[in-house]
Number of protein chains: 2
Amino acid sequence: MTFSVAATTAAVPPSIPAAMPAAQPQVAAVTGRCAGCSARSKGLCAALTAGELPDLSASSRPLDLLSATPVVMEGEEAEAVFTVMSGMLKLYKTLPDGRQQITGFATAGDVFGLAAGQGYAYTAETVTASTICRMPRAALRRMMERHPAVQGRLLAMTSVELSAAQDQILLLGCKTAVERVSSFLLALSRRSRPLPDGTPSVFLPMPKVDIGAYLGLRPETLSRVLRKLEEAGAITRLTNDRIRIENPAALEAAA
Amino acid sequence: MTFSVAATTAAVPPSIPAAMPAAQPQVAAVTGRCAGCSARSKGLCAALTAGELPDLSASSRPLDLLSATPVVMEGEEAEAVFTVMSGMLKLYKTLPDGRQQITGFATAGDVFGLAAGQGYAYTAETVTASTICRMPRAALRRMMERHPAVQGRLLAMTSVELSAAQDQILLLGCKTAVERVSSFLLALSRRSRPLPDGTPSVFLPMPKVDIGAYLGLRPETLSRVLRKLEEAGAITRLTNDRIRIENPAALEAAA
DNA sequence: CGTGGGTTTGATCCGCATCAACGCAGGTGG
DNA sequence: CCACCTGCGTTGATGCGGATCAAACCCACG
């Protein structure tokens, strides 16, 4: 799954495009859509050669979403998969009494909505305004049959996700609050660009309660741990949503 | 991946069979091995038709192992994948200071040792005496190329594992000790046969400390929770390693 | 019969949750 | 432009669930 519209491309009409039949005269334009997509080299799309892009463009549609918009609901019949082009989403499970556990955050290039069974395993909701690309399940199946590399890519991506899930199991099952937060900050810093001056930093667009729901901690605890890490000189809180890693080795030791 | 020797079949020499070139005269016998395997209909093997079994038999070798035998080590180069034919193994990750988190138990039909990266993501060790089937990574890759259904099967199995891992994340991140144990017992009871009299029961061959390491609890806590569930009439402890589910609804409510 | 690992039970401790209050920023309406 | 409101973040006080420590018990085993 996956493909995407370049961030610099003019917005595609977001209204109910999924129902539109593949119009022949648009094929060329549609090819251009995926070819110029910012996620072209990521997610599922990376499995396809340039010549195979029309297939991709024809079977997928971009969507522009505001923040806090639900995309799929846990348990709902899984009719499509999605690729993130820009923005961030949270994926979470809910217990009957309302407790929520965030199983992951999805950012540019990530794919979500793959279901092992009939229904989605989790709810997906935008954290920031996001652009995502929607591909019906049947189209994905067709893509896999037509382009074997897609299936291999999907397997590789699922394996990486499984490995990440097992790391999270280790974190939740064994680690203390300080260790969890340190691990989280380090993992994020590995995936993000350092500041202009070269020091590593992380961007946290999601509210603290969501970070807590991901790490199995309450927001109060998260706040206290961050203060402790700052007092220890390991990090500096630049703004509410950006943290500079002053001492990666100290975080490493705490994780 | 996967295949296996029927439990009733005479043991195949376990010594260093992986290095043996596929000997032509043995093909017939080797075909029979997988054809009569108790795991034939499970794991990866289920993806193959009878006619494709020789390929499977030629590239895999069964191993008989005593309990508490390590099979693969976390971080070690992943040279092979394994299918469980009988017995049970625990898969776990270890922190530098020795804390361990069991990420799963593998029983008949389960496949383990698939690695997203270069090295194994976890250590695998037998809990009971077990028979497992070993297939070199290169052979698995060849099987996937030659029999596309194998790749599809692998994807399906990995997806199911991912979903299970996310359930475990929910358990570890949100649930209380009583909820964890209840969920665990229910999950096991769904996968096991009821007693002769029809009441559901679960078999727990692993030590309590391992169940605790899976659920993020200490063995003392596990013992107390089981006593509480027994006093509540939800379960009965028949022996140290077998529990009868008296009241599934009560467990359901507690989970 | 003695030994040692796994299990159970009891007593105590501690890390994090919970409860409560306050500061602050952004949005709204006057 | 300002008063008000609302939601997020922070800080402090307190409580509780499960960890830790310690000891007895129970078998399986030699």
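All values below come from the heavy atoms of this structure, side chains included, with hydrogens, waters and symmetry mates left out. Residue numbers begin at 1 in each chain, while the letters A, B, ... track the order of the sequences.
Met88(A) and Pro205(A) get closest at one heavy-atom pair: SD-CG, 3.7 Å.
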With a 3.5 Å cut-off and sequence neighbours excluded, list the donor-acceptor pairs that the side chains of residues 215-230 of chain B form with protein atoms.
{"unit_1": "Arg227(B)", "atom_1": "NH1", "unit_2": "Glu231(B)", "atom_2": "OE2", "d": "3.4"}
{"unit_1": "Glu230(B)", "atom_1": "OE2", "unit_2": "Arg237(B)", "atom_2": "N", "d": "3.0"}

Let me check something: any side-chain donor-acceptor pairs from residues 70-82 of chain A under 3.5 Å, sequence neighbours excluded? List them with distances.
{"unit_1": "Glu74(A)", "atom_1": "OE1", "unit_2": "Thr94(A)", "atom_2": "N", "d": "3.1"}
{"unit_1": "Glu76(A)", "atom_1": "OE1", "unit_2": "Met73(A)", "atom_2": "N", "d": "3.2"}

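Terminal axes of the helix from dC1(C)-dG30(D) to dG30(C)-dC1(D) (five pairs each, C1' rotation axis) are separated by 30°, to the nearest 10°.
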Please walk me through it: do Lys93(B) and Asp167(A) pass salt bridge (Lys or Arg N to Asp or Glu O under 4.0 Å)? CA-CA 8 Å; Lys93(B) 286 171 164 282; Asp167(A) 286 341; 2.9 Å; yes
Dump every N/O contact between nucleotides 11-16 of chain C and the protein below 3.5 Å, one line per pair.
{"unit_1": "dA11(C)", "atom_1": "N6", "unit_2": "Arg224(B)", "atom_2": "NH2", "d": "3.4"}
{"unit_1": "dC16(C)", "atom_1": "OP1", "unit_2": "Ala177(A)", "atom_2": "N", "d": "2.7"}

Can you tabulate the close N/O pairs, meaning under 3.5 Å, that link protein atoms to atoms of nucleotides 4-7 of chain C?
{"unit_1": "dT7(C)", "atom_1": "OP1", "unit_2": "Lys208(B)", "atom_2": "N", "d": "3.2"}
{"unit_1": "dT7(C)", "atom_1": "OP2", "unit_2": "Lys208(B)", "atom_2": "N", "d": "2.8"}

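Sorted by first then second residue, the side chain to side chain donor-acceptor pair (under 3.5 Å) pairs that include residues 180-194 of chain A, not counting sequence neighbours, are Lys175(A)-Ser183(A). Applying the ring-ring contact (aromatic ring centres under 6.0 Å, His included) rule to pairs touching residues 224-249 of chain B yields nothing, sequence neighbours excluded. Identified under the ring-ring contact (aromatic ring centres under 6.0 Å, His included) test for residues 226-255 of chain A, with sequence neighbours left out: none. The stretch residues 203-245 of chain B participates, sequence neighbours left out, in these ring-ring contact (aromatic ring centres under 6.0 Å, His included) pairs: Phe105(B)-Tyr214(B), Phe184(B)-Tyr214(B). For residues 231-255 of chain B, there are no ring-ring contact (aromatic ring centres under 6.0 Å, His included) pairs, not counting sequence neighbours.
Screening Leu188(B), Leu238(B), Leu204(B) against Ile243(B) for a side-chain contact (heavy atoms from CB on, under 4.5 Å) leaves a single residue, Leu204(B).
Checked against salt bridge (charged side-chain N to carboxylate O under 4.0 Å, His left out), Glu161(B) has no partners two or more places apart in sequence or in another chain.
Side-chain polar atoms of Ser201(B) and Arg242(B) form a donor-acceptor pair below 3.5 angstrom.
For DNA chain D, the contact window with chain B, defined by any atom under 4.0 Å from a protein heavy atom, covers dG18(D) to dC21(D) in 5' to 3' order.
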